[in-house]
Amino acid sequence: MSILGAILGATGSGKTELAILLAQKLGAEIICMDSRQLYKGFRIGTAQPTAEELSAVPHHLVDFLPPERQYNAAEFAKGVKDLLAQKPSAKFILVGGTGLYMQALCQGLNPLPPVNPEIRERLKKHYENKEQKELYSDALKADPSIEGKIKQGDTQRLLRILELSTLNSQLSTPPNSQLKRVGGIGSVPSVWLDFPRDELYKRINERVVKMQKSGWVEEVAGLSKTVPANAPAWQSLGYLELKTALEKNEDPLSITEGVALRTRHYAKRQITWFKHKENPICIDGKTAKSKETIERISHSFQ
RNA sequence: GGCUCUGUAGCUCAGUUGGUAGAGCAACGGACUGAAAAUCCGUGUGUCAGCGGUUCAACCCCGCUUGGAGCCA
């Protein structure tokens with residue numbers, strides 16, 4: 001097994017910097033486990049590693065995906081496994097905050113057919129102007145095991161269930177409820193970069209401002225010219241707000257507070273996920289880059 | 001100086017013909033199996049500006065004090 005461990009933490013907790021120090025010390029390469037940093041050209045707003053950082057240590061799965069491409073947890077897991085197979089003697093460190101991707105990689109996924117965009121689109125259209133209840137009752141019929149697990153308002157998951165049931169009946173695979181996870185590489189040692197809540201929020205607020213000062217606006221202006229408006233990459237926090245502000249000729253700084261707010265909400269979701277799904281060693285974010293801490297983490301990664 | 005409006009949750013504000021109060025946002029907690037920076041779910045945290053009066057009972061009515069806003073001088 002060539003994955004030494006994972007650096008986890010909420011957005012803005014300083015994972016990137018720590019990972020580089022650690023990778024240099026351990027002679028490892030970095031795998032970005034981030035559903036947004038993988039989009040090509042979406043650099044500043046997603047806090048991709050800088051050019052300097054990228055050249056300091058070999059990085060994978062970052063800044064490579066065409067913005068109009070949809071990606072998913074299964075592709076990520078496959079991408080990592082392919083990489084491990086290609087470089088059997090290399091050592092890797094996982095770095096990122098996308099919990100679902102880590103789960104898919106380590107624990108595996110149900111052996112289901114790949115996402116089918118046509119069916120998904122059709123279902124979406126079909127339920128667009130209907131009552132929420134109808135979507136729920138149809139999904140419940142398709143897979144009774146979702147009762148109590150998926151809520152009525154959770155459009156995204158309900159559509160997924162219906163998409164699966166459509167595929168299942170076409171491909172006669174077993175119903176969702178009976179499937180088991182397969183293909184996981186098993187759990188890896190992980191550390192969580194911890195901050196008191198108010199400090200983390202302060203870091204997030206400041207980072208949004210910093211992004212705007214360091215070329216994010218120009219980045220979005222450029223991307224707007226080449227990337228179609230419906231490209232999945234635009235879903236990255238703040239990009240759509242910024243793009244719209246530019247189109248409407250509004251002050252790009254008017255979005256700052258809203259973006260910071262949504263980023264804080266996102267950070268909270270990450271905290272909840274990793275606290276409950278993974279069992280990382282908690283380290284103090286403030287002293288994470290100290291010699292002692294690096295030493296300690298290296299040790300647990302061996 | 002005079003007149004009018006105003007003070008209720010962290011913020012913006014509802015409200016009770018008098019029976020100690022509730023929305024949105026924030027905040028906090030939670031879920032998560034191929035969109036996850038996504039998508040959802042739950043929780044009210046309060047000297048109702050202060051002091052006194054009327055009343056069985058005041059956030060509500062009355063008086064004074066105090067903070068804020070506006071108009072007239």
Side-chain angles (χ1 to χ4, degrees), chain A residues 9-13 15 32-39 42 44-48 65 68-79 96-117 119-121 123-124 132 135-136 139 143 145-146 148-161 163-164 167-168 173 175-184 197-198 200-201 204-205 207-208 211 230-242 257-278:
Chain A
T11 185
S13 57
K15 297 183 290 293
C32 283
M33 185 172 65
D34 188 299
S35 69
R36 297 291 121 193
Q37 293 182 353
L38 42 80
Y39 282 112
F42 286 64
I44 296 168
T46 67
Q48 279 183 10
L65 192 70
E68 54 282 349
R69 274 236 16 230
Q70 186 69 252
Y71 202 69
N72 59 51
E75 279 190 77
F76 171 77
K78 183 174 183 306
T98 304
L100 181 69
Y101 283 12
M102 181 158 180
Q103 191 183 53
L105 174 66
C106 298
Q107 295 174 37
L109 282 163
N110 295 336
L112 292 166
V115 177
N116 185 309
I119 293 177
R120 179 169 292 183
E121 203 45 46
L123 287 166
K124 214 165 156 182
Q132 198 62 248
L135 170 60
Y136 181 72
D143 185 351
S145 74
I146 66 168
K149 284 188 189 164
I150 302 180
K151 295 271 166 46
Q152 220 182 82
D154 198 344
T155 314
Q156 187 164 301
R157 287 199 178 79
L158 294 173
L159 284 172
R160 167 80 184 139
I161 293 297
E163 180 194 344
L164 278 177
L167 285 164
N168 280 343
T173 50
N176 191 30
S177 53
Q178 292 171 19
L179 294 169
K180 296 238 165 64
R181 290 177 183 282
V182 295
R197 190 66 62 86
D198 54 346
L200 177 68
Y201 284 0
I204 289 171
N205 298 342
R207 191 169 71 158
V208 176
M211 283 172 173
N230 61 355
W234 286 119
Q235 219 176 47
S236 313
L237 260 171
Y239 273 90
L240 219 49
E241 287 98 320
L242 196 44
E257 232 170 282
V259 173
L261 172 67
R262 298 214 295 125
T263 308
R264 278 180 259 136
H265 288 169
Y266 165 52
K268 168 59 179 80
R269 273 178 270 138
Q270 289 179 302
I271 293 169
T272 302
W273 176 287
F274 285 108
K275 196 168 76 186
H276 294 267
K277 302 272 187 189
E278 305 291 335

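Reckoned from all heavy atoms, side chains included, excluding hydrogens, waters and symmetry mates. Each chain gets a letter, A, B and so on, in the order its sequence line appears, and its residues count up from 1. In this text, all values refer to a predicted model and were calculated from it rather than measured experimentally.
Separation of the P atoms belonging to B/rG24 and B/rC41 is 13 Å when rounded to the nearest angstrom. A distance of about 15 Å separates the P atoms of B/rC60 and B/rA9, rounded to the whole Å. Taking atom P on both B/rA69 and B/rG42, the two are 41 Å apart, rounded to the nearest angstrom. Using atom P as the reference point in both B/rA27 and B/rU66, the two lie 38 Å apart (nearest Å). B/rU39 sits 14 Å from B/rA26 when the P atoms are compared, rounded to a whole Å. The C1' atoms of B/rG15 and B/rC48 are separated by 11 Å, rounded to the nearest whole Å. Using atom P as the reference point in both B/rA14 and B/rU54, the two lie 32 Å apart (nearest Å). For B/rC71 and B/rC13, the C1' atoms lie 24 Å apart once the distance is rounded to whole Å.
Between A/Glu278 atom CD and B/rC32 atom P the separation is 13 Å, expressed in whole Å. Rounding to whole angstrom units, CD1 of residue A/Ile150 and P of B/rU33 are separated by 7 Å. Atom C1' of nucleotide B/rC32 and atom CD1 of A/Ile146 are separated by 14 Å, given to the nearest angstrom. If you take CG of A/Leu109 and C1' of B/rC32, they are 13 Å apart, rounded to a whole angstrom.
Backbone-only contact: A/Lys275 has heavy atoms under 4.0 Å from sugar-phosphate atoms and none from a base. Residue contacts shown for A/Pro232 are absent, as no nucleic acid heavy atom lies under 4.0 Å away.
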| Heavy-atom protein contacts under 4.0 Å, nucleotides 23-28 of chain B, coded B base, S sugar-phosphate only, - none | ---SSS
| field | Per-nucleotide protein contact string for nucleotides 35-45 of chain B (B base, S sugar-phosphate only, - none; heavy atom under 4.0 Å) | value | BBBBBSS----
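Residues passing the ring-ring contact (aromatic ring centres under 6.0 Å, His included) test with A/Tyr101, sequence neighbours excluded: A/Phe76. Taking A/Arg160 as the reference, A/Leu112, A/Arg120, A/Glu163, A/Leu164 meet the side chain to side chain contact (heavy atoms under 4.5 Å, CB included) condition, with sequence neighbours excluded.
Looking at heavy atoms from C-beta onward, A/Asp34 lies out of side-chain contact with A/Thr46 at the 4.5 angstrom threshold. Side-chain contact between A/Arg36 and A/Gln235 is present, with at least one heavy-atom pair separated by less than 4.5 Å. Between A/Asn110 and A/Val182, every side-chain heavy-atom pair lies at or beyond the 4.5 Å cut-off. Counting only heavy atoms from C-beta outward, the side chains of A/Tyr136 and A/Gln132 never approach each other to under 4.5 Å. Contact check for A/Leu159 versus A/Thr155: side-chain heavy atoms found under the 4.5 Å cut-off.
One distance of note links CD of A/Glu278 with CE of A/Met102; it measures 4.0 Å at 0.5 Å rounding. Distance check: A/Ile146 CD1 to A/Ile161 CD1 gives 5.5 Å after rounding to the nearest 0.5 Å.
Applying the 4.0 Å criterion to OP1 and OP2 of B/rC32, one finds that A/His276 has every side-chain N and O outside that range. Taking side-chain N and O atoms only, A/Lys149 has no distance below 4.0 Å to OP1 or OP2 of B/rC32.
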Please tabulate, for the side chains in residues 264-274 of chain A, all donor-acceptor contacts under 3.5 angstrom to protein atoms that are two or more places apart in sequence or on a different chain.
{"from": "A/Arg264", "atom 1": "NE", "to": "A/Asn205", "atom 2": "OD1", "distance (Å)": "3.0"}
{"from": "A/Tyr266", "atom 1": "OH", "to": "A/Gln270", "atom 2": "NE2", "distance (Å)": "2.7"}
{"from": "A/Lys268", "atom 1": "NZ", "to": "A/Thr272", "atom 2": "OG1", "distance (Å)": "2.4"}
{"from": "A/Gln270", "atom 1": "OE1", "to": "A/Thr11", "atom 2": "N", "distance (Å)": "2.7"}
{"from": "A/Gln270", "atom 1": "NE2", "to": "A/Gly97", "atom 2": "O", "distance (Å)": "3.0"}
{"from": "A/Thr272", "atom 1": "OG1", "to": "A/Lys268", "atom 2": "O", "distance (Å)": "3.1"}

| request: Determine which bases of RNA chain B form Watson-Crick or G-U wobble pairs with both distances under 3.5 Å, and write the result as a 5' to 3' dot-bracket string with | for other-strand partners. | output: (((((((..((((.....[..)))).(((((.......))))).....(((((..]....)))))))))))).
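The environment of A/Glu68 atom CD is dense: over 12 non-hydrogen atoms of other residues, nucleotides or ligands sit within 6.0 angstrom.
Electrostatic pairing of A/Asp154 and A/Arg157 counts as a salt bridge here, judged by a charged N lying under 4.0 Å from a carboxylate O.
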